[in-house]
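Notes follow once the structure below has been shown.
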Number of protein chains: 2
Amino acid sequence: MTDSTARVSPGVPGTRPTRQRRAVSEVLSSFEDFRSAQEIHTLLGQRGESVGLATVYRTLQLLADAGEVDVLRSEEGEAIYRRCSATHHHHLVCRSCGATVEVEGPAVERWTAGIAAEHGFSDISHTLEIFGTCPACS
Amino acid sequence: MTDSTARVSPGVPGTRPTRQRRAVSEVLSSFEDFRSAQEIHTLLGQRGESVGLATVYRTLQLLADAGEVDVLRSEEGEAIYRRCSATHHHHLVCRSCGATVEVEGPAVERWTAGIAAEHGFSDISHTLEIFGTCPACS
DNA sequence: AGATCGATGAGAACGCTTGTCAACTCGCCG
DNA sequence: CGGCGAGTTGACAAGCGTTCTCATCGATCT
């Protein structure tokens, strides 16, 4: 269903696969955890693949809309992005070093669905993030 | 342990109970859900209790540090505050009309604590919001 | 190759938040 | 009871992340 790479543009209609978009997508793929737009922008510069900051933002939004990346807000309010894997999951994030652990919780999924149904809500989605201090940082 | 009102300043050493702080604290108490600093600032103005924006921010930080309010980030990255009620709960929000239902989930609390512990994380907090379309809107 | 239209980049603009600093208040001591 | 000092305030500027603007560029189609 999802063949991870090379489907950056095909999703949205009037969208083109440009050098910049590929570059952003690649950098994104090279990380497991969340990165801010600015961080990605800097990294691209260091890699020689200079891409305008505005373009980085635009591309990330595009990818987010297409459901290819997860967007989160750090506790400082910065938007952070990460390529999302096919499976729906949540994150356990270290406040101090940013280390991220993916966690799954069928129980939680069922619980949210149940609660929503109980109140007559439909078309449900939810966000769940767990923050803490990882063993290495405490 | 927590006697809700009137302990805005006694917590922190060199801290005084001023008109402004009381005003912010009161406005905060008059809501059950999260409000942004700017919103609180505007509300104070309407109430006739004008308080400088910077002071609102400072007071909210103070209260947050003292553990009297919860701070969260809206999806737009705005910091939102809520008086830390005794009961921890989550929200079921209608995407269309904004209606909010407070929900509690002991199971979820236990689950997050468990997951975190399992990975050696400490000092845990979490955010969980459920979005959907309410009966009236669908 | 030429035309068309989305994409890009540089910089300005914007909104939220924090810092600065002089004026002010509150609580306290003499 | 008056004055002192430390905490507090408010207006404004600065900082930062993000979005917008617009002229230019480049990809796709004919």
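Values below: all heavy atoms of this structure, side chains included; hydrogens, waters and symmetry mates excluded. We name chains A, B, ... by the order of the sequence lines, and we start the count at 1 in each one.
- Among the protein residues, B:Gln61 comes within range of the sugar-phosphate backbone only, with heavy atoms under 4.0 Å from sugar or phosphate atoms but none that close to a base.
- Phosphate proximity of D:dG17 to B:Arg73: absent, as no side-chain N or O sits under 4.0 Å from OP1 or OP2.
- Here D:dT18 presents its P atom at 5 Å from CD of A:Glu78, a figure rounded to the nearest Å.
- Of the candidates D:dG17, D:dC12, D:dT28, D:dT28 carries the atom nearest the A:Pro17 side chain, counting heavy atoms from C-beta on.
- The side chain of B:Leu53 lies closest to C:dT17, out of D:dT8, C:dT17, D:dG10.
- Backbone-only engagement by B:Ser50 is indicated by non-hydrogen atom pairs under 4.0 Å involving sugar-phosphate atoms exclusively.
- The base of D:dG10 is paired with the side chain of B:Arg58 by a donor and an acceptor separated by under 3.5 Å.
- Looking at every heavy atom in both residues, A:Val69 comes nearest to A:Arg83 through CG1-CA, 4.1 Å.
- Closest to the side chain of A:Thr55, out of C:dA10, C:dT8, D:dT18, is C:dT8.
- Atom CZ in B:Arg22 sits roughly 15 Å away from atom C1' in D:dG7 (whole-Å rounding).
- The two residues A:Phe34 and A:His91 have their closest heavy-atom pair at CZ-CE1, 3.3 Å.
- Counting heavy atoms from C-beta outward, B:Val24 and B:Leu60 have side chains that approach closer than 4.5 Å.
- Considering only side-chain N and O atoms, B:Arg16 lies nowhere under 4.0 angstrom from the phosphate OP1 or OP2 of D:dT9.
- B:Gln20 has no side-chain polar atom (N or O) that falls below the 4.0 Å cut-off from OP1 or OP2 of C:dT25.
- Contact check on B:Arg73 versus A:Glu76 returns no salt bridge, with no Lys/Arg side-chain nitrogen under 4.0 Å from an Asp/Glu carboxylate oxygen.
- Between B:Tyr57 and the phosphate of C:dT17, there is a side-chain N or O to OP1/OP2 separation shorter than 4.0 Å.
- In terms of phosphate contacts, B:Thr18 brings a side-chain nitrogen or oxygen within less than 4.0 Å of OP1 or OP2 of D:dT9.
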